[in-house]
Chemist: 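Pasting in a structure now, in C-alpha cells, and then I'll have a few things to ask.
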Amino acid sequence: HNQNQPDISTMWAQRLTGVGRLVHGCRAMSRRANALYQPGIAPFTMPAAQTTCSRTPCVCESAKATEDGGLIAQILAEHGRDWSHHEEQAAHQAHGLMSWTQAGAPGIHVARAEGVHFWDTDGKKYMDFNSMAMCSHHGHTIDPSIIEAITNQLQSVPYCYPGMMNVGIRGRLEKLLADICPGDINTFMFPSSGAEANEGAIRMARRFTGRSKIMSRHRSYHGGTTAALAATGDYRRWAGEGLASGDFVKFWDPYPYSFSLGESEEEVCAVSLAALSEAIGYEGPHNVAAILIESITGTNGVLPPPRGYLEGIRELCDQHGILLICDEVMAGFGRSGKIFGFCHAPTVVPDIITFAKGVNGAVLPLAGIGMRQHIGDHFREHTSMVGSTYHSHPVSMASGYAALQVLLRDGMVANAAALGPVMEDCMNGLLDRHPSVKQARNRGLFGAFDIQRNRTGTFIGAVDAPMDPAMVEFKNALFKSGLFTMMRGHTVFTNPPLVITEEQLREGFALIDEALHILDARMDDA
C-alpha cells in the first residue's frame, strides 16, 4: 500500500458521494422539456421481522408432533387410516398431474396385477398388450427371487454415496452385463431412467471425442430430459427446444411418414445411407461426436431398419471417428427376440449402448450406459461428469441383477423369438379382414400396425394431433372388451409382456379383430 495514495475504501466513498451529488443535481435540472432523461427510483420498505411463521399449514414446529390434536398428529392420523378408492382418486385429481398429458386426465385406476393382466378399482380385468410403457417384460407377477433380492438389499445396504462408495451388488451386476453384452461392451454405469442414460451417453461421447455435434433421426424418441429431448426427432422435442437444442442435428429415417426413399428394401437402405453420408459431410465429420439411434424405432412406429442399414452406419462412424450410440431402452433385453435390437445386425457392435425398462422389468427405476473397452478405459483416467444422487442405487441394482437371471433362466428372449411368427400371422389376419389396416410389422414381441382413413393409404391421423374420433371410439371399445394397449396418431402398438403364451397372444389379437369394424365403417370410402 502506497501511503501517498488514499485508502481504497475512502476513495470509493468519495466517488460515490460525488455520484450522489451529480444525481441530485441532474434531478434538479431535469424539470423542463427535453432535458436529460432521468431514471425513476422505486421505493422499497424493509418489512418488519416476523417472530412466528405465518404460513398455513406449517409442520416445522416438530416439537408439537406428539401433542394431542397438533398439526403433525392430525396429518399422521389422516394418512394412517384406510382410504377408499374414491378418496385416492379424488386426492390425485386435486393434487396430481399425469405425465405427458393434460391436467386432470383420469386414466385407469389400477388396483392389482398378475401375469399379463391387471384389474381396475371397479374389478374390471384387462390384458396388458403394451407391457404398460413397453417395460414390464416379466409381466405383473414378480418372481420371488427378485423380491428376495430387493428385500435383502434394503436390509443390508439400502443406499450409499455412488461417487465415493461402492457396494457388492454393483460389481455383480456389471459382471453379469459384461457376460451378456456382445463384443467388448464391458463397462457400465447405472442412472435411473432411459432419458438419463441418453443424457450421460451424449455427454460422454462429447468428452471422449472432443467434438460437439450429435446426429439423430427425425422419427425418434430418446427421453424427456433436456439433452435427450433435444436429440429426439418427434413432436415431443418442441416442448424442450431452446438453447439446449444447439449442436443436435437431425437426419432422415429410412421410413419417413409422407414420402418414400425407394421401392425395395435394398434401395431404401442405399438411399438412406447416402443421405446420411452427405449430411455428415455438411456438418463436418470432425465436428460430429456421435450418431444416436434407436436400433429399432420404438414409439414412432416400431420400425425395424432395412437389412444392411446398421452395418452401413457402423461403417460411416468408423470412417469418420464418430461414436455409434444405440438406444436400447425399448428394444433391449429380449423385446425383439434378441437380447438387443442391434443384434439383428450380427456384425455390429455399438460404441455405447443405453438401456432401461427391460433390464429389471421396471420393478424399480434402473437404467444403464454400457460402453466398449477403449471408452471405459478412457473414463477410468478421465472424469465422465455423469452422476446423480440415485445413480447406481443399491436396491435398484439388486432388482436388475435378480431380474436378468430370471429373464435368462425362464427363456423370455427365446419366447419372444418363438412368438414373433405368431404375431406376424395374427397381423396378416387383420390385414386380410380389415381394409382400415394399412400395414403391420413386428420383430419378436415388438409390434405395431397403422390405420388408414381410405383405401389410397392416407393415415387416419398425425402423431402430433389430437386422436381422430374414430380412433378414440376404437380405443374405448378395446378398453371395454378388456384390452389395454398404446395408440399414437394412426399407430396401434402390440407389445405384450415377454411371458405371454401363444393362446393369450391370439386372444389379444381376437379382441382387436372384433373392434376394428369400427374403423372399417368410418373409412371415407367404406
Chemist: Sequence neighbours left out, what passes salt bridge (Lys or Arg N to Asp or Glu O under 4.0 Å) with Glu315? Give chain and number order.
Modeler: none
Chemist: Report the C-alpha distance between Met397 and Phe190 in whole Å, list the side-chain angles of each, state the deciding distance to 0.1 Å, and finish with yes or no for side chain to side chain contact (heavy atoms under 4.5 Å, CB included).
Modeler: CA-CA 8 Å; Met397 290 190 296; Phe190 302 108; 3.7 Å; yes
Chemist: Looking at Glu114 and Arg112, is any side-chain nitrogen of the basic one under 4.0 Å from a carboxylate oxygen of the acidic one?
Modeler: yes
Chemist: Out of the candidates Thr354, Thr226, Thr225, only one should pair with Glu199 under the side chain to side chain donor-acceptor pair (under 3.5 Å) rule; please name it.
Modeler: Thr225
Chemist: Charged N to carboxylate O under 4.0 angstrom, Arg236 versus Asp234?
Modeler: yes
Chemist: Listed by chain and number, what are the ring pair (Phe, Tyr, Trp, His ring centres under 6.0 Å) partners of Tyr235, not counting sequence neighbours?
Modeler: none
Chemist: Applying the side-chain contact (heavy atoms from CB on, under 4.5 Å) test to Ile293, which of Ile325, Asp253, Leu310 qualifies?
Modeler: Leu310
Chemist: Which side-chain N or O atoms in residues 404-421 pair as donor and acceptor under 3.5 Å with protein atoms at least two apart or in another chain?
Modeler:
from	atom 1	to	atom 2	distance (Å)
Gln405	NE2	Tyr401	O	3.0
Arg409	NH2	Asp143	OD1	2.8
Asn415	ND2	Leu498	O	2.7
Asn415	ND2	Ile500	O	3.0

Chemist: Show every ring-ring contact (aromatic ring centres under 6.0 Å, His included) that has at least one partner inside residues 344-368, sequence neighbours left out.
Modeler: Phe333-Phe355
Chemist: Using 4.0 Å as the upper bound for N to carboxylate O, is an ion pair formed by Arg314 and Asp351?
Modeler: yes
Chemist: Before accepting this row, confirm whether a basic side-chain N of the pair Arg506/Asp425 lies closer than 4.0 Å to the acidic partner's carboxylate O.
Modeler: yes
Chemist: Please enumerate all residues that pass ring pair (Phe, Tyr, Trp, His ring centres under 6.0 Å) together with Phe118, with sequence neighbours excluded.
Modeler: Tyr126, Phe484
Chemist: Closer than 4.0 angstrom, basic N to acidic O: yes or no for Asp468 and Arg453?
Modeler: yes
Chemist: Once ring pair (Phe, Tyr, Trp, His ring centres under 6.0 Å) is applied, do any residues pair with Phe188, and if so which ones, sequence neighbours excluded?
Modeler: none
Chemist: For Phe342, check ring pair (Phe, Tyr, Trp, His ring centres under 6.0 Å) against everything at least two apart and list the hits.
Modeler: Phe340
Chemist: Once ring-ring contact (aromatic ring centres under 6.0 Å, His included) is applied, what residue pairs with a partner in residues 251-277 remain, sequence neighbours excluded?
Modeler: His218-Trp252, Trp252-Phe259, Tyr257-His490
Chemist: How would you list all residue pairs meeting side-chain hydrogen bond (donor to acceptor under 3.5 Å, both in side chains) that involve residues 171-182, not counting sequence neighbours?
Modeler: Lys175-Asp179
Chemist: Who are the salt bridge (Lys or Arg N to Asp or Glu O under 4.0 Å) partners of Lys213, not counting sequence neighbours?
Modeler: Glu283
Chemist: In terms of side-chain geometry, is the basic nitrogen of Arg219 or Glu294 positioned less than 4.0 Å from the acidic oxygen of its partner?
Modeler: no
Chemist: State whether the number of non-hydrogen atoms from other residues, nucleotides or ligands found under 6.0 Å of Lys357 atom NZ is greater than 12.
Modeler: yes
Chemist: Which residues pass the salt bridge (Lys or Arg N to Asp or Glu O under 4.0 Å) test with Glu311, sequence neighbours left out?
Modeler: none
Chemist: Does atom OH of Tyr390 have more than 12 heavy-atom neighbours from other groups under 6.0 Å away?
Modeler: no
Chemist: Mind checking side chain to side chain contact (heavy atoms under 4.5 Å, CB included) for Pro497 and listing every partner two or more places apart, or none if nothing turns up?
Modeler: Val116, Ser131, Val499
